[in-house]
Amino acid sequence: MAQGEFDLIGRYFEHQNVKREDVDLAIGDDCALVRVPEGCQLAISTDSLVAGTHFLEDADPKLVAHKALASNLSDLAAMGATPAWVSLALTLPTFNEHWLNQFCEGFFQLAEQYNVQLIGGDTTKGPLSITLTVQGFVPNGQALTRSGAKVGDAIYVTGQLGDSAAGLALLLADTSCHDLVLSHALKERHFMMTPQVEAGIALRGIASAALDISDGLIADLGHIVKRSGVGAEIYIEQLPLSSELIAFCSTQEQAQQLALSSGEEYQLCFTVPKHQCIEIESLMMAKGIQVSRIGQLTQSSGIVLLQQGEPIDWQVSGWDHFVSSHK
Ligand code: ADP
Ligand code: MG
């Protein structure tokens, strides 16, 4: 395979509908040239997806592209940033035009939805992997970090939790459960997640801390707890579960455990001072964004799960390192 084919790939990505006025020079030169609006900070995040680790080698390239970009946009959402630009480092085992076409379709579809322009990248030959760097804007000082949460703040999540893990289980088992519609819905939730950009922007100036759920609620909330120097209690009855997840799981308890441990959900977990709970709930309702109040921050260290007010000792993955701290 000629290196020339790989050199041409940069051109492959030049054709896109998003053309932002803050991009002075995009794909085609040695660097891109862009402008950050006055009064804003630049939020930057990089994530890699490696075949065999983050997606199956033969996965639909359109879905892989969606997942790659959506997970990166989710990081911007978690900071309260407005997405602007993305660059793409692509490593491909072969020059496969069909794969590239499908990949571009999935990538640009989502990029257009968020007005994100692909401004450059690199293409090399090797084991299939995708690295994206996304950049976005946040008004000076308004970024949502992990460290601002206070004892007494309410804990919220957007959307529903657990579907991604259920979808992945079905994909890995390469089966569908008896209900094909249900299987399809859960598998799609795994790949076609929606980054919570609008929610993140709405939380500027209100949330005391925020992050996106990529490793599982318990594990990720653990970051807020640690960085903010607080503890947390979670009311497991309040976990938002989809009807599909409940139908997929044999018990309510299993659905709740999946909701606590499921990574790659890309919902936001955020904390809000108690006196602003009504404000945030009506703001989110007006925007059509589902939010659930699932707990509160406490003085003790670690995370406690409460079922009808009583602590329970579930072995949820990502949970082990917190158990010891409050025993
Ligand atoms: P250089 O030798 O200067 O690194 P390249 O041949 O790698 O240049 O890339 C040429 C142009 O194509 C650059 O502007 C680069 O940003 C862009 N490019 C290369 N690969 C990609 C890609 N996968 N996605 C987006 N742009 C790319
Ligand atoms: Mg290069």
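Just so you know, these numbers use all the heavy atoms, side chains as well, and skip hydrogens, waters and symmetry mates. Numbering of residues begins at 1 and proceeds along the displayed sequence. Everything quoted here is computed from the prediction, not taken from an experiment. We count ligands from 1, going down the list as the structure has it; atoms in each ligand are counted the same way.
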Below 3.5 Å, N or O to N or O, backbone or side chain included: is there any such pair between Ala26 and ligand 1?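 N/O-N/O distance under 3.5 Å: no.
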
Exercise: do [X] and [Y] side chains pair donor with acceptor under 3.5 Å:
X      : Y      : result
Ser242 : Asp163 : yes
Ser87  : Thr133 : no
Glu265 : Ser164 : no

Which atoms from ligand 1 have a heavy atom of [X] less than 4.0 Å away?
X     : value
Ile27 : 12 (O), 14 (O), 17 (C), 25 (C), 26 (N)
Gly28 : 11 (C), 13 (C), 14 (O)
Asp30 : 3 (O)
Asp29 : 13 (C), 14 (O)

Other than Met193, what residues sit in its cluster of Ile, Leu, Val, Met, Phe, Trp and Tyr side chains whose heavy atoms are under 4.5 Å apart, directly or through others?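 Other cluster members: Tyr266.
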
Please give the remaining members of the hydrophobic cluster of Leu283, linking ILVMFWY side chains under 4.5 Å, ordered by chain and number.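 Via sub-4.5 Å side-chain contacts, Leu283 links to Leu144, Tyr156, Leu203, Ile206, Leu268, Phe270, Val272, Ile280, Met284, Ile289, Val291.
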
Applying a heavy-atom cut-off of 4.0 Å, say which part of Leu118 lies close to ligand 1: side chain, backbone, both or neither.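 The part of Leu118 near ligand 1 is the side chain, not the backbone.
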
